[in-house]
J.: 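Pasting a structure here, questions to come.
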Amino acid sequence: MNRKFLSILLALGMTCSMLGCSSEKSEAKKQFEMAVASLEDKEEKLDENINNLQEIIDAGEPVLDESVIDNANEAIKNAQSAKYEVPEMGKEVEEIQKQTKEIEAISYEEQETAIEEAKNALNESIEKYKLVDCPTEDFVLKRVATVEHITGVQAVTEDHDPNGNLNKAGSYTATVYMSCDYVNKDELYIEPGEDIVDVGTDGGAAVEVYTCKEDAIKREEYLAGFDGTIFVSGSHKVVGTCLIRTSSYLTASQQKEIETAIIEALTKLN
């Protein structure tokens with residue numbers, strides 16, 4: 001074999017080898033670009049979910065539990081920080097292939113689940129708040145009557161209202177008193193013929209309904225002024241535009257139990 005022919009063969013071999021490398025690199029680049037495109041689709045979907053949740057937050061509708069807003073903001077923050085920054089494509093085939101595998105492995109399922117759960121919790125809290133935003137007397141009567149340990153319910157009327165403030169400016173639009181079997185009736189000063197309204201909050205609990213949350217808060221602050229004194233009237237908590245009260249004749253744990261049960265009954269979604 002002469003030298004000229006050998007040189008031709010070597011040249012052909014090198015060309016084939018170079019062509020092979022070129023083809024392999026082209027394929028690696030193609031796979032890299034496909035992985036990036038797929039990742040962009042995933043991020044677009046994630047951004048859509050983030051925007052949907054952000055819109056609900058920005059709408060500013062009142063919620064029953066303020067913590068759901070903090071949780072929603074945290075879910076958005078975590079989702080944003082989880083986004084993968086695509087590196088500049090490498091120069092060598094092995095480096096490009098390694099980058100492609102890393103990109104293909106990226107998943108935002110965990111973040112999407114957190115966003116969805118936060119959205120559901122936020123929407124649920126909004127709907128629950130609506131139930132305690134100026135509820136009707138009839139609604140309150142029906143709901144609290146289902147609470148365990150509540151043995152009777154009665155609403156005040158303008159002709160039968162111990163405080164005489166029904167429907168007056170800044171006062172309650174409805175008050176429902178409840179009797180509770182936890183309360184020892186022997187400790188109460190009940191005159192013959194007195195009903196649940198006459199006994200009042202002492203007999204178990206009460207729900208006072210106001211036209212706005214600010215009025216309910218004012219009433220709660222007034223009652224709080226008697227806490228720790230001989231005039232203490234039991235526990236009190238504002239929920240929506242309602243003031244939930246429990247008897248001072250209940251123990252602290254019983255007050256919490258009844259208060260929680262009343263809130264759950266009022267805010268139960270169908």
Side-chain angles (χ1 to χ4, degrees), residues 64 128 131-268:
L64 184 69
K128 284 187 173 183
L131 295 175
V132 286
D133 185 13
C134 302
T136 65
E137 176 187 286
D138 186 57
F139 173 84
V140 175
L141 280 167
K142 289 180 179 178
R143 288 299 183 98
V144 299
T146 66
V147 175
E148 187 176 4
H149 297 294
I150 295 301
T151 57
V153 298
Q154 185 181 3
V156 303
T157 64
E158 289 188 352
D159 296 327
H160 188 27
D161 179 10
N163 296 314
N165 290 323
L166 182 63
N167 292 321
K168 290 183 178 179
S171 191
Y172 45 83
T173 58
T175 292
V176 174
Y177 288 107
M178 291 157 267
S179 57
C180 174
D181 60 17
Y182 278 153
V183 175
N184 182 357
K185 301 302 188 293
D186 292 336
E187 295 181 7
L188 304 179
Y189 297 100
I190 303 176
E191 297 292 335
E194 288 190 329
D195 56 21
I196 295 174
V197 168
D198 290 317
V199 177
T201 306
D202 284 348
V207 174
E208 299 176 4
V209 181
Y210 295 82
T211 55
C212 65
K213 189 170 186 176
E214 290 72 20
D215 287 341
I217 291 173
K218 287 179 182 178
R219 170 66 166 161
E220 195 273 337
E221 290 174 344
Y222 169 77
L223 293 174
F226 297 105
D227 290 348
T229 73
I230 60 173
F231 301 108
V232 62
S233 59
S235 72
H236 36 81
K237 181 175 183 178
V238 173
V239 180
T241 67
C242 300
L243 177 62
I244 314 299
R245 302 177 58 190
T246 65
S247 174
S248 59
Y249 288 87
L250 297 172
T251 64
S253 59
Q254 288 171 341
Q255 287 178 337
K256 189 63 179 177
E257 178 189 341
I258 296 300
E259 176 185 273
T260 299
I262 290 172
I263 294 171
E264 288 178 350
L266 292 173
T267 59
K268 182 179 179 181

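Bear in mind the structure is a predicted one, so any value in this text is a computation, not a measurement.
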J.: First locate atom OG of Ser235, then atom CG of Leu250, and finally report the distance between them rounded to the nearest 0.5 Å.
T.: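 Between Ser235 OG and Leu250 CG, I get 8.0 Å after rounding to 0.5 Å.
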J.: Could you go through the side chain to side chain contact (heavy atoms under 4.5 Å, CB included) check for Val156 and Tyr177 one step at a time?
T.: CA-CA 8 Å; Val156 303; Tyr177 288 107; 3.5 Å; yes
J.: Among Asp161, Asp215, Thr211, Asn167, which residue meets the side-chain hydrogen bond (donor to acceptor under 3.5 Å, both in side chains) test with Tyr172?
T.: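 Per the side-chain hydrogen bond (donor to acceptor under 3.5 Å, both in side chains) rule, the option paired with Tyr172 is Asp161, out of Asp161, Asp215, Thr211, Asn167.
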J.: Asp202 and Ser248: which non-hydrogen atoms are nearest, and at how many Å?
T.: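 In this case the closest contact between Asp202 and Ser248 is OD1-OG, 4.1 Å.
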J.: Using the side chain to side chain contact (heavy atoms under 4.5 Å, CB included) rule, take Val132 and Leu64 through it: C-alpha gap first, then chi angles, then the decisive distance, then the call.
T.: CA-CA 9 Å; Val132 286; Leu64 184 69; 4.0 Å; yes
J.: In plain terms, say whether Lys218 and Glu221 are close enough for a salt bridge, that is, a side-chain N and a carboxylate O under 4.0 Å apart.
T.: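 Here Lys218 does not pair with Glu221 in a salt bridge, since their nearest N and O are not under 4.0 Å apart.
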J.: Judged by atom type as modelled, is there a donor-acceptor pair below 3.5 Å linking the side chain of Gln154 to the main-chain atoms of Ile196?
T.: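 At least one qualifying donor-acceptor pair exists.
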J.: About how many Å separate CD of Gln254 and OG1 of Thr246, when rounded to the nearest 0.5 Å?
T.: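 Going from the OG1 atom of Thr246 to the CD atom of Gln254 covers 9.5 Å.
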J.: What class does the angle between the rings of Phe231 and Phe226 fall in, given that below 30° is parallel, 30 to 60° is tilted and above 60° is perpendicular?
T.: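 Perpendicular: the ring planes of Phe231 and Phe226 meet at over 60°.
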J.: Which pair of heavy atoms, one from Ile263 and one from Thr267, lies closest together, and at what distance?
T.: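 Result for this residue pair: O-OG1, 2.7 Å.
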J.: For the residue pair Leu223 and Arg245, establish whether any side-chain heavy-atom pair is separated by less than 4.5 Å.
T.: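 Of all side-chain heavy-atom pairs linking Arg245 with Leu223, at least one is under 4.5 Å.
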J.: Using a strict cut-off of less than 4.0 Å between a Lys/Arg side-chain nitrogen and an Asp/Glu carboxylate oxygen, indicate whether Lys142 and Asp138 qualify as a salt bridge.
T.: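 Here Lys142 pairs with Asp138 in a salt bridge, since their nearest N and O are under 4.0 Å apart.
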J.: If you compare all heavy atoms of Arg143 against all heavy atoms of Ala265, which two are closest, and at what distance to 0.1 Å?
T.: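 For Arg143 and Ala265, the tightest heavy-atom pair comes out as NH1-O, 2.8 Å.
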J.: In Å, rounded to the nearest 0.5 Å, how long is the span from CD1 of Ile262 to NE2 of His149?
T.: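 If we round to the nearest 0.5 Å, Ile262:CD1 and His149:NE2 are 12.0 Å apart.
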J.: Does a sphere of radius 6.0 Å around NZ in Lys268 hold more than 12 heavy atoms from other residues, nucleotides or ligands, not counting ones at 6.0 Å or beyond?
T.: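 Incorrect, the count does not exceed 12.
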J.: Name the one of Val183, Thr201, Val207 that satisfies side chain to side chain contact (heavy atoms under 4.5 Å, CB included) with Met178?
T.: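 That would be Val207.
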J.: How many angstroms lie between atom CD of Glu148 and atom CD of Glu257, to the nearest 0.5 angstrom?
T.: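 Between atom CD of Glu148 and atom CD of Glu257 there are 7.0 Å.
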J.: Do Val209 and Glu137 pass the side chain to side chain contact (heavy atoms under 4.5 Å, CB included) test, and can you show the C-alpha distance, the side-chain angles, and the key distance before you say yes or no?
T.: CA-CA 8 Å; Val209 181; Glu137 176 187 286; over 6 Å; no
J.: Show, in sequence, the C-alpha distance, side-chain angles and deciding distance for Leu266 and Val239, and conclude whether the side chain to side chain contact (heavy atoms under 4.5 Å, CB included) test is met.
T.: CA-CA 10 Å; Leu266 292 173; Val239 180; over 6 Å; no
J.: To the closest 0.5 Å, what do you measure between CD (Glu220) and CD (Glu208)?
T.: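 So the CD of Glu220 and the CD of Glu208 are separated by 11.0 Å.
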J.: With distance as the sole test, does Ser179 use its side chain to make a donor-acceptor pair with the main-chain N or O of Gly152 at under 3.5 Å?
T.: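 A pair under 3.5 Å: yes.
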J.: Which pair of non-hydrogen atoms, one from Cys180 and one from Lys185, has the smallest distance, and what is that distance?
T.: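 Heavy-atom minimum between the residues: O-NZ, 3.0 Å.
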J.: Please report the closest heavy-atom contact between Gln255 and Ser247, naming both atoms and the distance.
T.: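 That would be NE2-O, 2.9 Å.
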J.: How close do Leu141 and Ala155 get, counting heavy atoms only, and between which atoms?
T.: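 Of all heavy-atom pairs spanning Leu141 and Ala155, the closest is CD2-N, 4.0 Å.
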J.: Rounded to the nearest 0.5 Å, how far does CG of Asn165 lie from OG1 of Thr175?
T.: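 One finds 9.0 Å between OG1 of Thr175 and CG of Asn165.
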